[in-house]
Amino acid sequence: MNETFVLTRIGDSVRVDIRGPRNGGATAPVTVASSDLPTFVAERELDAEGGAGPRWVWDDTTRWYPSLLESGVRVRRCLDLRLSHDILRRSPHVDPGLLVGASSAEWEAMDPVELAGPALFAWHEHDEPLDSLAEFDRQQAALAASTKRDPLGLLLAAESSGALVAAEIAHAGLPLREALHERMLTTLIGPRPLPGARPELLEQLLPVIRGALGAPDLNPDSPKSLLRALRAAGLDVTDTRAWNLRQLDHPAVGPILEYKKLLRLANANGWRWLDTWVRDGRYRPNFLPGGTVTGRWAAHGGGALSFPAQIRSSVVADDGWKFVVADVAQLEPRVLAALSTDLAMAEAASESDLYEGMVKRGAVATRKEAKLGMLGAMYGSTSGEGGRMVTRMTRLYPRAFGFVEEAARAGERAEVVETFLGRASPAPTGRWTLALGDLPADDAGRDRDRRKWGRFTRNYVVQGSGAEWTLCWIATLRNLLWQLDGAGELTDRPHLVFFLHDEVLIHTPAALAEETILAVRRAAAEATRVMFGTFPIDFPLDVAIVDSWAEGDSRAFLLDAEDEDPDLEADLASPR
DNA sequence: GATGCTAGCGCC
DNA sequence: AAAGGGCGCTAGCATC
């Protein structure tokens with residue numbers, strides 16, 4: 001039976017309201033002691049073996065699933081009412097009145113529970129527990145009445161699966177060898193310093209920098225005093241950004257850049273990071289599904305989503321285990337081609353490298369131009385080579401480039417834009433939205449803000465739809481991984497241990513690594529089918545079986561590759 | 001002493 | 001004249 005179980009916590013017990021697949025109507029609720037819940041859930045999952053499985057409806061995955069996982073219980077499906085409330089409330093295709101009811105304000109204000117890290121403390125539940133059944137019924141009614149019922153329903157399911165993945169990643173943790181990390185730190189910045197002291201190798205760079213600038217008291221940790229010292233030394237700079245310093249020809253530049261790089265490592269992923277976020281060979285950040293407006297995940301704790309390439313060599317699979325690392329090549333351009341049904345761009349995307357595909361078809365002269373043009377279209381470049389390429393490529397791919405252009409125009413009109421499945425952008429609140437169409441021609445500030453919002457909505461439709469594809473990917477993947485020939489609980493089988501926007505890491509027994517690769521590919525194909533149906537678009541994956549994340553890092557490879565410019569992103573990020 | 005902001009840099 | 005999106009994190013610094 002694929003029944004729906006709606007869980008509401010009441011004191012030390014849980015009220016379970018059961019909705020059958022056909023009757024839709026209420027049956028008498030069951031009351032389960034909280035301590036018996038894992039058994040109750042496990043039995044229902046077992047009963048439904050083979051089918052899609054029961055669906056567990058709860059207020060918030062972070063308040064339910066971690067303890068189930070601790071008890072060794074995995075679920076196949078859930079509906080996270082907190083996340084779905086947020087999506088439905090923002091959708092212009094949902095009647096907001098249907099979502100209003102008891103505790104509306106509490107549903108709006110609910111935050112996820114942080115499970116990892118130094119701030120861990122017990123959360124206080126509401127005195128009056130939120131009634132999940134009432135909220136579920138409201139959401140179902142709102143969904144049923146929506147003109148975008150099917151895509152929104154898919155989005156809610158994918159978002160909820162993402163919440164399950166996030167909890168499972170937190171449960172399993174990313175394998176990270178403290179000893180390796182410490183050795184790397186010691187080599188690069190010196191042994192663990194005393195509290196408050198500068199690491200040894202930074203200390204050694206200090207006199208070099210001070211000497212070269214003739215500033216004996218300079219503290220290069222302070223951008224302000226560094227800027228002062230640079231200008232006092234006769235250098236024409238307005239900030240201390242590494243990219244700008246690199247343009248200068250001065251003996252202080254090399255040591256300063258080296259210092260900044262090591263300081264960054266020490267601050268972001270040094271000894272304190274290790275102490276705080278890594279325990280018993282596992283790094284456990286808090287992933288927050290739906291944590292950003294576009295639907296990409298956010299993360300708290302240890303900078304999980306900016307895990308530097310430099311330290312990925314510390315991420316090593318357990319003995320007898322492997323990592324399967326997979327990332328999507330040019331996710332967002334491919335999503336854009338499908339969003340806009342641009343057949344010419346989709347045709348170029350049949351190549352494993354979309355940009356090369358454009359070059360091969362004579363659209364542009366070089367891979368770099370293709371990339372500049374695509375990124376320019378998705379981010380809103382108007383000047384420089386990016387801007388020029390956008391103009392040229394608009395003629396070649398009018399549907400795709402027109403699609404993002406229209407999203408930008410809509411944003412500038414203060415309209416809400418949507419992702420492919422219907423996640424709506426927030427309404428703008430800036431002053432420029434007032435008296436729209438009645439702007440003084442010389443109001444440069446408002447004009448700038450309006451264009452800035454247009455760049456946001458332009459990017460929103462692509463970034464948000466890309467996030468939806470990856471949600472569908474990992475949602476399918478977690479189920480396929482469970483069906484592999486494993487046994488035992490989650491961490492005894494192939495399981496996801498990291499998710500980075502368009503890249504996944506799976507920790508798998510070595511014997512199942514090849515099968516895991518097949519699962520990753522099948523999941524990608526399924527995500528494409530579910531999202532885009534028969535539209536001819538490919539999402540090729542780069543997949544590798546590795547012992548260390550560093551081996552599977554395409555950037556590490558690209559640094560040696562002749563045909564790729566590793567500084568291209570930096571070029572884009574810099575003025576001129 | 002706590003809090004909020006900025007600069008700068010990491011990731012996608 | 002110049003004009004790219006989304007994030008998190010840290011230290012320094014200003015402020016209360």
Side-chain angles (χ1 to χ4, degrees), chain A residues 117 196 198 219-227 238-245 256-257 259-270 272-273 276-277 285-288 290-312 327-332 336 371-387 389-390 404 407-408 411 417 419 425-426 444-445 447-464 466-467 470 498-504 553-555 569-576:
Chain A
R198 223 183 230 106
N219 171 20
D221 299 20
S222 161
K224 277 192 169 155
S225 51
L226 181 59
L227 182 61
T238 54
D239 59 53
T240 67
R241 291 196 184 100
W243 195 91
N244 289 328
L245 297 186
I256 290 174
L257 292 174
Y259 186 95
K260 279 170 159 285
K261 192 173 155 188
L262 296 181
L263 181 66
R264 166 80 193 179
L265 173 63
N267 285 340
N269 301 102
R272 210 182 58 192
W273 176 83
T276 308
W277 297 108
N286 294 294
F287 283 106
L288 302 174
T292 76
V293 282
T294 63
R296 275 190 179 181
W297 288 14
H300 289 160
L305 296 184
S306 51
F307 200 96
Q310 193 182 12
I311 67 164
R312 293 185 185 183
D327 70 278
V328 194
Q330 303 107 26
L331 169 68
E332 289 176 356
L336 174 57
K371 186 170 180 176
L372 276 167
M374 281 306 307
L375 294 181
M378 294 187 297
Y379 294 157
S381 290
T382 53
S383 68
E385 197 179 352
M389 288 313 299
V390 170
V404 285
V417 297
T419 60
S425 66
D447 213 43
R448 196 173 53 238
D449 290 347
R450 188 165 52 84
R451 286 182 203 280
K452 187 172 166 57
W453 192 260
R455 286 194 296 275
F456 164 64
T457 53
R458 168 194 292 271
N459 185 253
Y460 181 94
V461 294
V462 181
Q463 188 186 114
T470 53
F498 225 69
F499 172 52
L500 263 181
H501 304 309
D502 64 354
E503 177 175 10
V504 294
D553 190 335
S554 57
R555 266 174 316 286
E569 310 282 352
D571 289 347
L572 287 163
S574 70
R576 267 163 302 182

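The structure displayed is predicted, hence computed values, not measured ones.
Residue N269(A) contributes atom CG, which lies 12 Å from atom P of dA11(C) at whole-angstrom precision. Atom P of nucleotide dA11(C) and atom CG of L262(A) are separated by 16 Å, given to the nearest angstrom. The distance between atom CG of L257(A) and atom P of dC9(B), rounded to the nearest whole Å, is 9 Å. Distance L263(A) CG to dC9(C) C1': 13 Å, rounded to the nearest Å. As a whole-Å value, the separation of R198(A) CZ from dG12(C) P is 8 Å. Summarising the geometry, the separation between OH on Y379(A) and P on dG5(C) is reported as 10 Å, rounded to the nearest angstrom. Atom CG of L500(A) and atom P of dC12(B) are 7 Å apart (whole Å). As a whole-Å value, the separation of R448(A) CZ from dA1(C) P is 16 Å.
The backbone N or O of A407(A) sits less than 3.5 Å from a side-chain atom of T457(A), completing a donor-acceptor pair.
Nucleic acid contact class of R455(A) (heavy atoms, under 4.0 Å, all strands): sugar-phosphate only. Residue contacts for D239(A): at a heavy-atom cut-off of 4.0 Å it reaches the sugar-phosphate backbone alone, with no base atom in range. Contact annotation for V293(A): backbone-only contact, meaning every heavy-atom pair under 4.0 Å involves sugar-phosphate atoms and none involves a base. Nucleic acid contact class of G301(A) (heavy atoms, under 4.0 Å, all strands): sugar-phosphate only. Counting non-hydrogen atoms under 4.0 angstrom, G302(A) reaches the backbone sugars and phosphates but no base.
Among dC13(C), dC11(B), dA3(C), the nucleotide with an atom closest to any side-chain atom of A309(A) is dC11(B). Out of dC9(B), dG6(C), dG12(C), the shortest distance to the side chain of K260(A) is found at dC9(B). Side-chain proximity of A298(A) to the nucleotides dG5(C), dC9(B), dC7(C) is greatest for dC7(C). Nearest to the side chain of D502(A), among dG5(C), dG8(C), dC12(B), sits dC12(B). Taking every side-chain heavy atom of R264(A) into account, dG8(C) is the closest of dG8(C), dC11(B), dC13(C). Comparing dC9(B), dG12(C), dG6(C) against the side chain of A242(A) picks out dC9(B) as the nearest. The listed nucleotides are dC12(B), dA7(B), dC9(B); the one nearest the side chain of R241(A) is dC9(B). Taking every side-chain heavy atom of S222(A) into account, dC13(C) is the closest of dC13(C), dG6(C), dC11(B). Considering only side-chain atoms of H501(A), the nucleotide from dC7(C), dC13(C), dC12(B) that sits closest is dC12(B). In this structure, the nucleotide among dC9(C), dG6(C), dA11(C) sitting nearest to the side chain of H300(A) is dC9(C).
Between E332(A) and R458(A) there is no salt bridge, since none of the side-chain N atoms of the basic residue sits less than 4.0 Å from a carboxylate O of the acidic one. Salt bridge status for R450(A) with D447(A): present, with a side-chain N to carboxylate O gap under 4.0 Å.
Phosphate contact (OP1/OP2 of dG5(C), side-chain N/O of K452(A), threshold under 4.0 Å): present. The shortest distance between the side-chain N/O atoms of T240(A) and the OP1/OP2 oxygens of dG8(B) is below 4.0 Å. Between dG5(C) and R451(A), no contact under 4.0 Å exists linking OP1 or OP2 to a side-chain N or O.
The two atoms that bring P426(A) and Y460(A) nearest to each other are CD-CE1, 4.4 Å, heavy atoms only. Nearest approach of N219(A) to S225(A), heavy atoms of both residues: O-OG, 3.2 Å. Of all the heavy atoms in W453(A) and G411(A), the pair that sits closest is CD1-O, 3.3 Å.
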